[in-house]
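Everything numeric in this text was worked out from a predicted model, so none of it was measured.
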Amino acid sequence: MAYPVSFPTNNPLVTVTHPTGTTWVIELHNGADSRLTDVLILQAFKPALDVVEKHWRENWRAGQAKKDDALRKGALIIVGNRKQDKFFSNGLDWANASKDPNFHTNFFPIVFNPLLHRLLTFPIPTIAAVNGHAFAGGMALAMTCDYRVMTDGSKRNAWLCMNEIHFGATLPLSLAAVLRAKAPNAQVLQKIVLEGYRFTPQEALSVGLVDRIVAGNTEVVVAEAQALAEGVSGFAQTGAWGVNRREIYRDVVESLSRDAPVIGAIADDAAAKARL
């Protein structure tokens with residue numbers, strides 16, 4: 001596989017790189033704030049994950065045959081647009097997406113939930129390099145990862161925030177399930193969901209929402225994430241990482257399938273359009 005690889009080819013929104021033998025990086029660059037649209041998820045993020053998993057599994061099988069532990073290691077880093085330091089992801093493109101009459105029935109069960117499922121059960125450790133604000137769906141995306149490395153906000157503000165409460169949006173079952181599984185306790189969960197609290201990097205670290213914070217720009221955050229990736233990539237050697245993740249997040253995975261789409265002719269056709 002030759003890197004970098006970008007998707008979709010006609011208007012790249014995601015780029016995959018392979019900076020070391022055991023580490024892959026997926027960069028979101030749907031504009032500066034990397035909004036999570038159906039096009040980005042279905043035509044860019046999903047095939048990017050396919051590239052990473054296929055390459056790692058090929059390496060893992062070769063490592064099994066050769067009894068080479070190094071070949072069986074692996075870790076994935078997800079980062080926002082590397083040309084800026086303000087956003088990891090600003091979440092869904094709510095203003096435009098909600099104009100689609102099928103958004104409320106189809107987007108989560110058909111587009112977003114499968115992405116969350118894929119990340120929660122990915123076969124190698126995943127690290128969110130939170131290089132700026134992570135709002136709403138962007139925070140949910142970061143929380144599905146195993147580890148989070150965040151800018152310390154000393155250069156410019158950076159917040160983790162589920163801000164749906166502030167504009168009257170109800171939380172889908174799937175996002176609520178992810179947050180319940182990843183929030184360290186009920187008090188923090190209340191602040192996340194019911195108060196829409198903006199966690200600074202220091203606050204996020206103190207309550208356990210992120211694992212490391214680092215001073216510097218996006219490339220410094222990525223470098224720290226790569227250092228973490230090198231340290232945890234060995235957990236993929238046995239091939240059991242993804243299998244065990246499926247077990248510890250079984251309740252979340254089951255919840256992801258319970259955001260059932262409302263079936264009607266228009267909604268069904270919109271679902272087919274998203275799928276095809």
Side-chain angles (χ1 to χ4, degrees), residues 14 16-28 36 45-46 48-53 55-57 59-60 72-80 88-89 112-131 134 137-151 160 162 174-175 177-185 188-189 192 199 201 204-214 221-256:
V14 163
V16 187
T17 53
H18 188 36
T20 75
T22 60
T23 305
W24 288 262
V25 178
I26 290 180
E27 177 192 357
L28 311 178
L36 303 172
F45 211 148
K46 181 182 181 297
L49 290 169
D50 290 343
V51 165
V52 175
E53 181 171 356
H55 193 172
W56 173 76
R57 288 193 180 280
N59 286 354
W60 189 84
R72 294 182 291 189
K73 293 181 178 181
L76 168 64
I77 296 167
I78 299 171
V79 64
F88 169 71
S89 172
F112 200 56
N113 293 3
L115 173 65
L116 300 181
H117 181 283
R118 183 78 179 277
L119 288 170
L120 281 167
T121 59
F122 209 63
I124 60 178
T126 54
I127 302 163
V130 185
N131 57 323
M139 180 177 177
L141 174 64
M143 297 307 292
T144 61
C145 293
D146 299 301
Y147 306 96
R148 283 156 292 285
V149 175
M150 189 175 185
T151 173
L160 283 180
M162 297 295 295
S174 53
L175 296 193
V178 169
L179 295 170
R180 279 198 304 272
K182 294 301 186 97
N185 56 57
V188 173
L189 183 62
I192 293 171
F199 290 88
L205 180 66
S206 70
V207 299
L209 292 176
V210 301
D211 301 279
R212 298 182 184 181
I213 60 175
V214 59
V221 177
V222 172
E224 185 69 17
Q226 287 179 326
L228 176 57
E230 290 300 319
V232 301
S233 63
F235 293 133
Q237 287 179 351
T238 65
W241 183 268
V243 177
N244 288 340
R245 289 179 87 200
R246 286 199 296 271
E247 290 306 312
I248 65 174
Y249 298 127
R250 178 182 291 275
D251 291 345
V252 183
V253 169
E254 290 175 354
S255 294
L256 294 176

Problem - Verdict with reasoning, Val221 to Val130, per side chain to side chain contact (heavy atoms under 4.5 Å, CB included) - result: CA-CA 7 Å; Val221 177; Val130 185; 5.9 Å; no
Practice task
Starting from the C-alpha separation in whole Å, work towards a yes-or-no answer on side chain to side chain contact (heavy atoms under 4.5 Å, CB included) for Phe88 and Thr151.
Solution key: CA-CA 10 Å; Phe88 169 71; Thr151 173; over 6 Å; no
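- Between Thr144 and Leu115, every side-chain heavy-atom pair lies at or beyond the 4.5 Å cut-off.
- Across all non-hydrogen atoms, the minimal contact from Tyr147 to Phe235 is OH-CE1, 4.0 Å.
- What you find for Gln226 and Pro19 is that their closest heavy atoms are NE2-CG, 3.2 Å.
- In this structure, Trp56 and Pro123 have side chains that are in contact, with non-hydrogen atoms separated by less than 4.5 Å.
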Practice task
Begin with the C-alpha distance, continue with both residues' side-chain angles, and end with the deciding distance and a verdict on side chain to side chain contact (heavy atoms under 4.5 Å, CB included) for Asn113 and His117.
Solution key: CA-CA 6 Å; Asn113 293 3; His117 181 283; over 6 Å; no
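- Residues Val232 and Asp146 have side chains not in contact (no heavy-atom distance under 4.5 Å, counting atoms from C-beta outward).
- Using a 4.5 Å heavy-atom threshold, the side chains of Ile192 and Met139 count as touching.
- Qualifying side chain to side chain contact (heavy atoms under 4.5 Å, CB included) partners for Thr22, counting only residues two or more places apart in sequence or in other chains: Thr20, Lys73, Glu230, Ser233.
- Between Ile127 and Ile77 there is a side-chain heavy-atom pair separated by less than 4.5 Å.
- Here the closest non-hydrogen pair linking Asn59 and Gly21 is ND2-O, 4.4 Å.
- Minimum interatomic distance between Leu160 and Ala204 (heavy atoms only, all atoms of both residues): CD1-CB, 3.8 Å.
- A distance of 10.0 Å separates CE in Met162 from CE in Met143, rounded to the nearest 0.5 Å.
- Contact annotation: the side chain of Leu36 approaches that of Leu28 to within less than 4.5 Å [non-hydrogen atoms, C-beta and beyond].
- Rounding to the nearest 0.5 Å gives a distance of 9.0 Å between CG of Leu256 and CG of Leu175.
- To the nearest 0.5 angstrom, Thr121 atom OG1 is 11.5 Å from Tyr249 atom OH.
- Ring geometry for Trp24 versus His55: interplanar angle over 60°, hence perpendicular rather than tilted (30 to 60°).
- A donor-acceptor pair under 3.5 Å is formed between the side chain of Arg245 and the backbone N or O of Leu119.
- Closest of all the heavy-atom pairs between Pro184 and Leu209 is CD-CD2, 3.9 Å.
- Within the model, atoms OG1 of Thr17 and CD1 of Ile26 stand 9.0 Å from one another, a figure rounded to the nearest 0.5 Å.
- The side-chain heavy atoms of Phe45 and Ile78, taken from C-beta on, include a pair separated by under 4.5 Å.
- Rounding to the nearest 0.5 Å places OG1 of Thr238 at 7.5 Å from CG of Asn244.
- Applying the salt bridge (Lys or Arg N to Asp or Glu O under 4.0 Å) test to Glu247 and every residue at least two apart in sequence or in another chain returns Arg250.
- At a threshold of 4.5 Å between non-hydrogen side-chain atoms, the residues Val210 and Phe199 do not count as touching.
- In this structure, the separation between CE on Met150 and CD on Glu224 is 14.5 Å, given to the nearest 0.5 Å.
- The closest donor-acceptor contact from the side chain of Asp211 to the backbone of Val149 lies at 3.5 Å or more, if one exists at all.
- A search for salt bridge (Lys or Arg N to Asp or Glu O under 4.0 Å) contacts involving Glu53 returns Arg57, Arg118, not counting sequence neighbours.
- In this structure, the side chain of His18 engages the main chain of Thr23 through a donor-acceptor pair within 3.5 Å.
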Exercise for the section: Could you give me the CA-CA distance, side-chain angles and deciding distance for Thr126 and Leu76, then say whether side chain to side chain contact (heavy atoms under 4.5 Å, CB included) is met? Expected result: CA-CA 5 Å; Thr126 54; Leu76 168 64; 4.2 Å; yes
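- Here the closest non-hydrogen pair linking Ala129 and Ala225 is CB-CB, 4.0 Å.
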